[in-house]
Trainee: 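I am attaching a structure below and will ask some questions about it afterwards.
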Amino acid sequence: MSELGMLLKKDWRQAANLRHELAEQSRFKLAVILFFALGMLGGLYGLFWEGFTFLERLGGIGLMIIHRLLAFCFLALTFLLILSSSVSAYGTFFGDRDMGFLKLMPVRIGTLIRYKFLHAAFYASWAFFFIIVPFVMAFAMQQKLSGFALLASVVFSLPFVMICSSAGALLCLVFIRWMPPRRMVKYILMAVILAVGIAGWKTFVVNVRLGEDVNVILNRVIPGLKLASHPLLPGYWASEGILSISRGQWARGLMFGLLLFSSAGMGSVLLEAAGSRIYEEGYQKLMRGSRRHHRMHRARAVMERTLVFLPRDMRSILVKDICIFLRDPAQWVQALFFLGMLGLYFLNLRNLRYHTLPLAFRNLIAFLNVFSVSAVLTSLGARFVYPQLSFEGHAFWVLGLSPLSMKRILLSKFAGALFSMVFVSLLLMGICVRMLNIEAYAGMVSMAVAFAVSVALSGFSCGLGALFMDLKHSNPSAIVSSFGGTLNLVCSLVFIFMTMFPFAFVFQLYYRGYLSPEMFVHALMLGGAWLVGITLAAVLVPLWLGLRSLMKREY
């Protein structure tokens, strides 16, 4: 058996043993995961179906857009997969603890690179299939394509994912190996790359607007459609292959399939060759950097001065948590990625002409954006805030014997989560309100709801994280997927719906003329009292339960 086959056989046996772990998991957690997974698939299918139906009703340009949306979807997913695989490759190539052990085994570095690359590709692309499967199903149903469309989407997506993942993994290796060590040089290089990207995008837009073909006209409606149809991009190969197979054009579909699979194989070969040459140097460079004392005195001093309003003991714990967060690129890159995508969307609301819609639609979009911000904060709270106390591990007894009380420790965790979530939510919603140009009171209500959601999510994540603290696991995935993590996610989503729906419903009734101004004011007052009440309950009850659990523990 080959070296890679032996490593994959080990993973297969580990996966087979998961059935014993699943048998030990609570049925509540499994039922919740299954419910949300099926709900997500069904919701995405319904959303895509409504979008295709809306474009079909437009006729003319709408029909032309529909035929190019599959390629546009693959174009967007190309950039997302490359970025996601770069982050995943950093964690699997340099962050996994077993990599140091595997390097001591009689296995070639190139084989280890291919083995870890498969892990990175799986971590980066599993969500891709949750998007592309309902998209292709809705597209095939709307276009009345054959049943081979769904099967072809899965078959053509596999090499497409491998191509994008290999590109992201190769970028990660090159970045780690040749990135200058000085921090200022890193920032300058990142600024240059960003400036070049912005300049290239503006040049592309200008060149597109100077053209006269159909793609240029469509590109004015949806920027990027012409680029999505470029014959040298793998997204174009995948979309054309799926359409060819679903329309019975087997020869053309086979050509695109062979092109995808051969390109995926070439990407794997290039990654293995590059990894064999530069991985070890990059790994040693990273390890030398991790052994050096981190000189963060200036950053710590800035944080100490910024948080001077907090007591000294709470400030010390909060600064420590911030430094740990900043020292792990896998954490802050994920947070920056999700929040950056939302910020980019909000900054382009006027380019989408949303501010010209009727007031009722603008109000609905504002509350939908509150939900999008809340959903992202829920995922970040579950990933970064909930496991904070559990991350202390077996060293938690040091905090237990320190002069700090459990109440102060819990409040310091809550203060850090509250400050970060409130800052992010109000900043994003402020941009959204400004771009949509909605009325002042509607903007204030949407920002108040975002503020309440941020406060409640901080209370849920910190309180339940203390109540279900697990000091045995150091893997964040195991902590987040536990019963407490699942309960935290469910409670957060229920709270979001309980706060958003009443206000969105009242505003829609008012703008459609079903409520008089007096009734509207009374409804807002009742909604405000409801919002304050459930927010206080969502904060105080979990924190009290968590503090009670911490006080009863023995350290």
Trainee: Is there a donor-acceptor pair under 3.5 Å between the side chain of S461 and the backbone N or O of S458?
Mentor: no

Trainee: Please check: side-chain N/O of T535 versus main-chain N/O of V532, any donor-acceptor pairing under 3.5 Å?
Mentor: no

Trainee: Looking only at non-hydrogen atoms, find the nearest pair between L531 and A452 and report the distance.
Mentor: CD1-CB, 3.6 Å

Trainee: Which residue, F48, F74, W49, forms the ring pair (Phe, Tyr, Trp, His ring centres under 6.0 Å) with F135?
Mentor: F48

Trainee: Quick check: does any side chain N or O of S86 sit under 3.5 Å from a backbone N or O of G168, one acting as donor and the other as acceptor?
Mentor: yes

Trainee: Is the number of heavy atoms from other residues, nucleotides or ligands within 6.0 Å of OH (Y514) greater than 12?
Mentor: no

Trainee: Okay, side chain of S549, backbone of L545: is any donor-acceptor separation there less than 3.5 Å?
Mentor: no

Trainee: Using 30° and 60° as the class limits, which term best fits the ring planes of F94 and Y90: parallel, tilted or perpendicular?
Mentor: tilted

Trainee: For F419, look at atom CZ and say whether over 12 heavy atoms of other residues, nucleotides or ligands are found less than 6.0 Å away.
Mentor: no

Trainee: Answer yes or no: is there a side-chain heavy-atom contact under 4.5 Å between M469 and L550?
Mentor: yes

Trainee: So do L487 and F468 actually touch side chain to side chain, heavy atoms under 4.5 Å?
Mentor: yes

Trainee: Any side-chain heavy atom of V385 within less than 4.5 Å of one from M421?
Mentor: yes

Trainee: Strictly under 6.0 Å, is that where the ring centroids of F371 and F497 end up?
Mentor: yes

Trainee: F520 vs F507 aromatic rings, parallel, tilted or perpendicular, using cut-offs 30° and 60°?
Mentor: perpendicular

